[in-house]
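Beneath this line is the structure, given in structure tokens, with notes to follow.
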Amino acid sequence: MDKILSYFSDMFVQLWENGYIQRGIWETVYLTFLSAAIAYAIGLPLGLILSVTDEGGIRPIKWLNKTLSIIVNIFRSMPFIILMVAMLPVAKAIVGTSLGNKAMIVMLVIAAAPYVARMVESSIKEVNAGVIEAAQAMGTPNLKIVTKVLLPEAKPALIVGAVISVVTILGYSAMASTIGGGGLGALAIIYGHQRSNPDIIWFSVVLIVIIVQVIQEFGMWIARKCDKRIK
Amino acid sequence: MIEIRNLEKSFHTASGTIVALKNIDLTINDGEIFGIIGLSGAGKSTLVRCINLLEKPTAGEVIVDGQDLMTLPKRALLKMRRSIGMIFQGFNLLEQRTVLGNVCYPLEIDGWKRADARARAVELLELVGLADSQKAYPSQLSGGQKQRVAIARALATNPRYLLCDEATSALDPNNTAQILELLKRINRELGVTIVIITHEMKVIDKICDRVAVIDKSEIAEVGSVAEIFTAPKSEIAKELIFPDSLAVKAVTGGKKLRIVFNGEASTLPVISNLVLECQVPVNILFADTKDFDGKAYGQMIIQLPDDDRKAERVIAYLNTKKISYLKEE
Ligand SMILES: Nc1ncnc2c1ncn2[C@@H]1O[C@H](COP(=O)(O)OP(=O)(O)O)[C@@H](O)[C@H]1O
Ligand SMILES: [Mg+2]
């Protein structure tokens with residue numbers, strides 16, 4: 001280990017020995033997944049409502065669909081870095097601070113939930129209309145169409161969407177480091193960029209790439225595994 | 001019994017109002033296999049979707065077992081739909097469920113206990129000959145097998161009616177024949193009233209008792225299959241039953257005779273005797289005859305000899321033998 005560390009800058013060695021780098025990896029993973037989980041708690045129902053209330057959906061409600069759609073679009077069209085600044089007061093209101101990991105999670109959720117909603121909406125809309133029609137012909141109430149037809153039939157697409165969402169949130173999380181949150185992004189910016197240690201920047205980059213690859217491969221494997229259409 | 005009274009359905013779209021159905025009056029009796037035939041876009045699917053109110057009629061009544069479906073509250077309508085099974089051209093199976101899971105689906109919706117549902121589903125899969133494929137997923141099945149699963153699923157809740165929207169249109173002739181055979185058996189053995197939508201005359205021919213011909217949103221004619229096959233009144237029925245005879249009309253000149261077979265023992269002796277007795281060669285331009293219970297039904301178009309006297313001899317022969325015919329232009 002010492003031999004490997006001898007190739008790195010003193011700053012890197014110091015960070016490593018104090019466990020900062022290890023913590024950075026952990027923070028990146030947990031901030032990403034925690035934010036993704038909360039973003040799904042909001043985005044999944046929102047996406048379902050968007051698809052169900054749409055014109056061709058099982059329960060069209062024009063005004064509701066239009067209203068939600070506009071709100072989602074507003075958040076989706078704002079660049080993350082600007083959204084983050086604009087939402088500082090919101091973070092303060094929700095978690096009592098506009099700095100640190102807690103504030104960062106609020107930012108990530110606000111940015112990701114509308115994204116997740118659109119992702120879910122498009123997955124649900126891919127469900128074969130004929131299957132929904134058959135379910136209706138069998139006297140299925142709308143709520144059961146959602147739980148027994150739409151969600152199970154869209155499952156593989158939903159998982160693929162989740163993988164894409166998580167990777168996107170991970171990308172955002174590096175940017176969110178600028179408001180004082182942790183993770184590999186913060187490490188790269190504060191110790192790598194600001195103190196001119198390129199090895200820390202590159203090390204963070206490589207780690208992020210590896211984490212993305214692992215999430216991607218593992219997620220796609222699950223999606224393939226649970227899709228009964230092919231084979 | 002399904003009674004459709006004065007039904008009308010129009011769609012309001014961006015490009016204007018489309019009248020998909022108008023002046024529809026039909027009575028479908030218990031125990032029969034009722035066909036609805038028409039060209040693509042005639043309104044067949046819309047009509048069958050009005051029977052279980054998947055499509056809400058613009059006007060008119062749909063009365064099933066004496067119940068006017070339009071007056072039913074939502075929950076009662078959902079319940080009523082469980083007594084009207086439906087199958088589709090595209091099978092519409094749940095792709096992420098096994099065969100058994102698909103057949104269990106309507107039972108879950110109907111609130112059955114899990115074990116009871118499975119037992120009932122297995123029973124139905126045996127009925128349609130797929131007991132061995134319970135654990136398979138739809139993507140592993142052929143079209144014919146998928147339709148069998150769909151039939152088992154549609155019958156799970158013991159419906160009195162089965163609606164079939166182009167159920168065999170995506171199948172090859174072999175599978176089509178098998179599915180039709182299965183439907184016939186379900187009708188005879190379980191007493192399920194079947195409504196079959198199709199654009200193919202051979203489907204009607206094969207299993208229907210009565211048929212309605214629908215053209216441009218309206219019913220052109222209704223009658224027993226034998227009636228409509230032998231003496232179609234509407235232009236559209238003639239076109240559907242003898243599509244090729246219209247082509248004959250278009251390409252050949254001269255006088256022609258359309259001979260109609262209404263159940264004479266066989267077609268062949270008629271023509272051969274005609275040739276022998278009249279001493280004229282007869283040119284058969286078109287023949288489409290079918291066999292119902294050993295009797296011939298259908299039509300044949302023959303070209304009359306140019307010589308008027310010979311032509312009259314042919315006509316006289318047909319008259320004496322009481323064979324019906326029509327002079328064609
Ligand atoms: N949901 C709909 N919106 C608008 N027009 C429709 C809709 N469903 C059917 N139609 C129109 O109604 C007519 C009849 O359609 P359909 O019942 O599907 O015919 P068929 O099943 O005989 O081919 C067609 O002109 C079709 O375009
Ligand atoms: Mg159709």
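A, B, ... follow the sequence lines: proteins, then strands. Residue 1 opens every chain.
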Closest heavy-atom pair and its distance - A137(A), L54(B): N-CD2, 3.9 Å
Flag if over 12 foreign heavy atoms under 6.0 Å of CZ, F218(A): no
Neighbour count above 12 (heavy atom, 6.0 Å) for K125(A) NZ: yes
Chain A interface, residue from E108(B), M80(B), R75(B) that has the most non-hydrogen pairs under 4.5 Å: E108(B)
M1(B) atom CE: more than 12 heavy-atom contacts under 6.0 Å: no
Shortest non-hydrogen contact between N142(A) and K74(B), atoms and distance: ND2-NZ, 3.9 Å
R5(B) atom CZ: more than 12 heavy-atom contacts under 6.0 Å: yes
Toward chain A, the part of L93(B) with a non-hydrogen atom under 4.5 Å: backbone
Per-residue contact mode, A129(A) against chain B (heavy atom under 4.5 angstrom): neither
Side chain to side chain, I109(B) and P141(A), heavy atoms closer than 4.5 Å: yes
More than 12 heavy atoms of other groups within 6.0 Å of L143(A) CG: no
I84(B) versus chain A, the contacting section by heavy-atom distance below 4.5 Å: backbone
Nearest-0.5 Å distance, CG of residue D165(B) to CD of residue E133(A): 7.5 Å
Minimal non-hydrogen separation, G139(A) against R82(B), with atom names: O-NH2, 2.8 Å
Residue F91(B) versus chain A: region with a heavy atom under 4.5 Å: neither
Main-chain N/O of K228(A) paired with E95(B) side-chain donor or acceptor, under 3.5 Å: no
Chain A interface, residue from R49(B), K79(B), M86(B) that has the most non-hydrogen pairs under 4.5 Å: R49(B)
V131(A) side chain reached by Q96(B) side chain, heavy atoms, under 4.5 Å: no
Side chain to side chain contact (heavy atoms under 4.5 Å, CB included) evaluation trace for Q136(A) with R81(B): CA-CA 8 Å; Q136(A) 288 173 323; R81(B) 281 192 185 149; 4.3 Å; yes
